[in-house]
Amino acid sequence: MPKFAANLSMMYPELPFLDRFDAAAKDGFRAVEYLFPYAFAPAEIVARLQANGLQQVLFNSPPGGTDAASIARAWDQAGDKGTACQPGREAEFRAGVALALDYAQALGCPRIHAMAGLIPPGLTREAVQATYVDNLRWAAVEAAKQGVDVLIEPINTRDIPRFFLNRQDHAHEILAEVGAPNLKVQMDLYHCQIVEGDVAMKLRQYLPTGRVGHLQIAGVPERHEPDIGELNYGYLFGVIDEVAQQCGWDGWIGGEYRPRLGAQPGGTRSGLGWFAPWR
Ligand SMILES: O=C(O)C(=O)[C@@H](O)CO
Ligand SMILES: [Mg+2]
């Protein structure tokens, strides 16, 4: 049966970040993910996880720099959204992964997402791929020392123009080139539908490879609740369940969407009809 995690960066915008853990647990989630924990001491987050019986299943390494201002700048509209593919920023990438691994250890989190970043102006995807592969190879070795997986995520270029990694096939080619068993794909079905479509067949193709470390979902195109939009998630959850039973895939599915009612009080809970059968 599919296991769902609440993405606390997008869900529960009506609440301060630390209170979102309590709300997700009350709504029946057993696991959480989010972008960045770095504005909080690990102990503050561990306290929220433990008080609510929640597992931390995913977060991102810093998208640039390791201090709060750099992380915010790297994530804002004009930010680089990661350094992994950017030649000359290898030291920054490594410092970010090291910080993420410290947090992963403290939070008991088994995977981190290392964002690829934008292709720098004047360079091509082909020109920066060697930097990306070298950085991921280093990150996978470091993460393996503490039993953590490193994830890479194809993201659509309507949301993030010039993002390096956009397609599932490219992500799986990168895994083959890096050759590290703990490097896996974060397969976000929202991005997959926008860039490639044919989502059910892609699930059937990639879940049995054992190289998909995590799934994420949202309605397309507005990135609201999964039961709003052009994707039929009721059908897709059935496909995931069927394939998972056949191949033993045991990953989490993150609800990474912006509730339709925005930050209205109770807005996230009122949109959880999609989750009711799986609670
Ligand atoms: O934007 C997404 O999709 C994500 O999963 C974030 O973690 C940014 O990578
Ligand atoms: Mg995602």
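In each ligand, atom 1 is the first atom listed, and ligand 1 is the first ligand listed.
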Yes or no: does [X] have any heavy atom under 4.0 Å from an atom of ligand 1?
X	value
Trp75	yes
His214	no
Lys81	no

Write the atom name of the N, O or S atom in [X] that is nearest the Mg ion (ligand 2).
X	answer
Glu153	OE2
Glu256	OE1
Asp188	OD2

To check your reading of the model: name the closest protein heavy atom to atom 7 (O) of ligand 1, its residue, and the distance in Å.
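Protein heavy atom at minimum distance: Asn60 ND2, 3.0 Å.
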Protein residue, atom and distance nearest to atom 6 (C) of ligand 1, heavy-atom basis:
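For atom 6 (C) of ligand 1, the nearest protein heavy atom is Glu256 OE2, 3.3 Å.
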What atoms in ligand 1 come closer than 4.0 Å to a heavy atom of His191?
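Close to His191: 1 (O), 2 (C), 3 (O).
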Donor-acceptor pair, distance only, cut-off 3.5 Å: does the side chain of [X] make one with the backbone of [Y]?
X	Y	value
Arg260	His224	no
Trp274	Tyr233	no
Gln146	Leu101	yes

At a non-hydrogen distance cut-off of under 4.0 Å, which region of [X] contacts ligand 1 (side chain, backbone, both, or neither)?
X	result
Asp159	neither
Arg223	side chain
Gln216	side chain

Between Tyr257 and Tyr190, does the ring centroid distance fall short of 6.0 Å?
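No: the rings miss the under 6.0 Å criterion.
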Quick one, Trp278 and Ile253 - any side-chain contact, counting heavy atoms below 4.5 Å?
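The answer is no, as the side chains (C-beta and beyond) never meet within the 4.5 Å cut-off.
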Pair Gln129-Glu177, side-chain donor/acceptor within less than 3.5 Å:
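Yes, because at least one side-chain N or O of Gln129 sits under 3.5 Å from a partner of the opposite role on Glu177.
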Give a yes-or-no answer on whether the side chains of Glu33 and Gln216 include a donor-acceptor pair shorter than 3.5 Å.
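Distance-only check passes for Glu33 and Gln216.
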Gln216 backbone or side-chain N/O/S under 2.8 Å from the Mg ion (ligand 2)
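Given the 2.8 Å cut-off, Gln216 counts as a ligand of the Mg ion (ligand 2).
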If the threshold is 4.0 Å, N to carboxylate O, is there a salt bridge linking Asp80 and Arg73?
no
Any salt bridge linking Asp250 with Lys3? Criterion: basic side-chain nitrogen under 4.0 Å from a carboxylate oxygen.
yes
